[in-house]
Amino acid sequence: MADKKPNPYITKQDDGRMVITEAGEALLKKVVTDSKGSVYAFTNEASPVFAAAAMARLSRRGSDLREIYLDEFAVTGEEGAEALIDRVVTGYGDDSVQQLITVATVVEGASNLLTKKIEWSRMASYLEQSTRYIYYDQKDATGNYKYFTPRNLPAQLEKQYKASVDRIFDLYSEVVRGTTEFVQKQNPAPADKTELIAWRGATRAQACDAARPALPVAVRSTVGIVCSSQALEGMVRRLLADPLEESNETGRLLLRESRKVIGAFLKRADVPERGLAWVMQIKETKEKLKEIARRELPQESVDFNDAVRLEWAFPKDELDLVPGMLFESTELSGKELKEEVSKWPVEKKEEVFDAYIGKRLNRRHKPGRALEEAHYKWEVTADYGTFRDLQRHRMVDAWEWQNLTTKYGYDVPDLIKDAGFEKQFRECFDISKRLWQMMLDAGLEEEAQYATLLGHKLRYHFIMNARQSFHLLELRTSPQGHPGYRKICQEMHQRVSEVHPRLAKAMQFVNQGGDPPLTRLEAERATQLKLKLLDEKEQQK
């Protein structure tokens, strides 16, 4: 770290004790929410790098963090902070320091194939444009539909790719606009202005839900990402190791742009013996596994009829969770608890079970973490659109999915049939299948995924604990949910009820009802009511 300048913010007594000056107090009032209390937050006036650097010193200094901030970083500035971060992260490899700072990045124009590769990590927060509420038939400033074209296509194949995808978008536009008109005719507009706004949102969402499967996976979207520098570095490594050029380019750009904000935290990301070595390890591992799979396993699957399959559940008897439910209320060891509870009759175990679940007034009232001992492994074969919705849930294990393909077919929503657009809908999939096969024949196995549609089915699996199951199944079966994932989650709840009936019953806010005529209407009404109340509050000021 550079030599310190005279520090007007803090002085040191002969006994080593620090005293904050008036200037220091004034600065603290700007950079923290409470300069004296035991709990405080850094404000927007404080550099995130400064705050993270001060936190990094906690393991080596016993001072108040505010004193560390004033003593080591308020005068030396960014240079001093970055020098410390450089020593700790790059020099000592202290990964925990990388968790002290977050960065908000945005990827514009990402294909819907890339979005899921970006969102692979659970240790980040994401938000992206929704295919449920936006018409995706608008063209850009050059008059082209917004979709990604791989750069490594041969000239003739690129021409065919663009012609095919353009035609699919033309058909999608006809389907989504026409279906919207049909829904609005079936559900006449209300006279009330507030109700009218909600009605427009709900009818559009209903049509978008039905037409969404016809959208190409190549359609572009915007993804917002907020994560720690550690999570970002891991994301960059995975993107650089991915076989798709779009992923590689995005990984390089994420690293380049993030370094402009938190460069000290990312110095080792592409160092040959560190970050790049990890990239090669990921890439080589994937390639080796593919080579073994091609050599040793059948290449065609015939087992894709079950949309939802529960591969296994643990424990076999859900009442085996009772000792864990009692653990924090006793002084007994886990072994002692199991021995005692094993002597109990079923009725006494059920009493504990019911008490632990408690009185739940809404789906946000979750049972305790003892339920995390129970796990379920699921394999699902369903459309890519609903996979995108479910993959947003981070508290699951072993989220893995296979390459997109046209082999498993697709479903035609009833609304599309009722609206009279089944022919156009099916034509989208016929065009997609021909293009996918052409790209496969050209040896572009990975790039062929861009030719598939959101309605094409793929296979994926994941492991989920019982506590997370409460959250996912109750949320994703709510009436305003997409019919596709509602059906999947309703089926999952049914499978849980067969192996763990008490837990399934405790998931009292799972909605097993059918899809209402306008799934989003109540949610849109609630939104408009909230906005109206806010407007009235503003007018009263």
Side-chain angles (χ1 to χ4, degrees), residues 107-118 136-173 213-223 238-254 279-280 282-284 286-291 293-295 299-301 384 401-410 424 426-458:
V107 178
E108 298 279 1
S111 73
N112 268 255
L113 183 58
L114 174 62
T115 59
K116 295 301 106 182
K117 293 177 181 289
I118 290 173
Y136 273 81
D137 60 346
Q138 288 130 6
K139 297 183 178 181
D140 60 23
T142 63
N144 295 312
Y145 288 118
K146 298 176 183 178
Y147 62 85
F148 179 80
T149 301
R151 296 192 182 100
N152 60 333
L153 300 182
Q156 185 57 38
L157 184 55
E158 180 181 349
K159 183 178 179 181
Q160 183 62 54
Y161 176 92
K162 290 182 176 179
S164 298
V165 179
D166 281 341
R167 177 57 182 158
I168 291 172
F169 268 98
D170 288 341
L171 290 164
Y172 162 80
S173 180
L215 274 173
V217 167
V219 65
R220 290 184 181 274
S221 183
T222 299
V223 184
R238 286 185 291 97
L239 292 173
L240 293 178
D242 193 77
L244 289 175
E245 190 273 338
E246 183 188 14
S247 301
N248 304 159
E249 178 67 11
T250 301
R252 288 190 290 269
L253 292 175
L254 277 171
V279 170
M280 291 308 300
I282 296 170
K283 185 179 292 188
E284 289 171 0
K286 286 185 175 181
E287 290 174 352
K288 185 64 177 178
L289 285 171
K290 279 194 172 184
E291 176 191 328
R294 288 193 181 100
R295 186 181 72 234
Q299 297 306 297
E300 295 290 334
S301 172
Y384 186 62
W401 57 94
Q402 297 174 346
N403 271 15
L404 290 165
T405 174
T406 65
K407 294 180 180 179
Y408 302 152
Y410 62 93
Q424 295 92 324
R426 289 189 181 278
E427 186 178 346
C428 291
F429 286 86
D430 292 340
I431 296 169
S432 169
K433 186 174 184 178
R434 290 193 295 270
L435 179 60
W436 177 81
Q437 190 62 55
M438 279 191 283
M439 296 178 75
L440 210 62
D441 292 343
L444 299 169
E445 179 182 355
E446 297 293 334
E447 290 78 3
Q449 296 178 88
Y450 290 112
T452 63
L453 307 184
L454 295 186
H456 277 119
K457 296 179 182 179
L458 82 157

**OP:** Can you sort out the partners of Lys159 under side-chain contact (heavy atoms from CB on, under 4.5 Å), two or more places apart, ordered by chain and number?
**Re:** Gln156
Subject >> Separation of Leu404 CG from Lys116 NZ (nearest 0.5 Å) >> reply: 11.5 Å
Subject >> Side-chain touch Tyr450/Pro150, heavy atoms, less than 4.5 angstrom >> reply: yes
Original post:
Under the side-chain hydrogen bond (donor to acceptor under 3.5 Å, both in side chains) test, which residues partner Ser173, sequence neighbours left out?
Top reply: Asp137
Original post:
Would you call Glu291 and Arg295 a salt bridge, taking side-chain N to carboxylate O under 4.0 Å as the test?
Top reply: yes
**OP:** For Lys162, check salt bridge (charged side-chain N to carboxylate O under 4.0 Å, His left out) against everything at least two apart and list the hits.
**Re:** Glu158
Subject >> Interatomic distance, Gln449 atom CD to Leu440 atom CG [nearest 0.5 angstrom] >> reply: 10.5 Å
**OP:** Please name the residue in the list Asn112, Leu113, Val165, Thr452 that meets the side-chain contact (heavy atoms from CB on, under 4.5 Å) test with Pro216.
**Re:** Val165
Subject >> Heavy-atom pair with the smallest gap, counting every atom of Arg426 and Tyr410 >> reply: NH1-OH, 3.2 Å
Original post:
When the ring planes of Tyr147 and Phe169 are compared, do they come out parallel, tilted or perpendicular, using 30° and 60° as the limits?
Top reply: parallel
Original post:
By side-chain contact (heavy atoms from CB on, under 4.5 Å), which residues pair with Pro243, not counting sequence neighbours?
Top reply: Glu446
**OP:** Report the residues that fulfil side-chain contact (heavy atoms from CB on, under 4.5 Å) with Glu284, sequence neighbours left out, ordered by chain and then residue number.
**Re:** Met280
Original post:
Sequence neighbours excluded, which residues qualify as side-chain hydrogen bond (donor to acceptor under 3.5 Å, both in side chains) partners of Asn248?
Top reply: none
Original post:
Do you know which of Leu171, Ile168, Leu453 makes side-chain contact (heavy atoms from CB on, under 4.5 Å) with Phe429?
Top reply: Leu453
Subject >> Partners meeting side-chain hydrogen bond (donor to acceptor under 3.5 Å, both in side chains) with Gln402 (sequence neighbours left out) >> reply: Arg459
**OP:** Taking the side chain as every heavy atom from C-beta outward, state whether Asp170 and Tyr145 have any atom pair closer than 4.5 Å.
**Re:** yes
**OP:** Mind checking the CG-SG spacing from Leu215 to Cys428? Nearest 0.5 Å is all I need.
**Re:** 8.5 Å
Subject >> All side-chain hydrogen bond (donor to acceptor under 3.5 Å, both in side chains) counterparts of Lys146, not counting sequence neighbours >> reply: none
Subject >> Tyr384 OH to Trp401 CH2 distance, which is reported to the nearest 0.5 Å >> reply: 7.5 Å
**OP:** Scan for salt bridge (Lys or Arg N to Asp or Glu O under 4.0 Å) pairs involving residues 240-251, sequence neighbours excluded, and state none if there are none.
**Re:** Lys117-Asp242, Arg151-Glu245, Glu249-Arg252
**OP:** Run the numbers on Leu244 and Glu447 for side-chain contact (heavy atoms from CB on, under 4.5 Å), then give the verdict.
**Re:** CA-CA 7 Å; Leu244 289 175; Glu447 290 78 3; 4.3 Å; yes
Could you tabulate the donor-acceptor pairs under 3.5 Å formed by side-chain atoms of residues 430-439, not counting sequence neighbours?
{"from": "Ser432", "atom 1": "OG", "to": "Ala451", "atom 2": "O", "distance (Å)": "2.5"}
{"from": "Gln437", "atom 1": "NE2", "to": "Asp441", "atom 2": "OD1", "distance (Å)": "3.0"}

Original post:
Does the ring center of Tyr172 lie less than 6.0 Å from the ring center of Tyr136?
Top reply: no
**OP:** Only counting residues at least two apart or in another chain, list the ones meeting salt bridge (charged side-chain N to carboxylate O under 4.0 Å, His left out) with Lys286.
**Re:** none
**OP:** With sequence neighbours excluded, tell me which residues meet side-chain contact (heavy atoms from CB on, under 4.5 Å) with Thr222.
**Re:** Val106, Glu108, Gln129
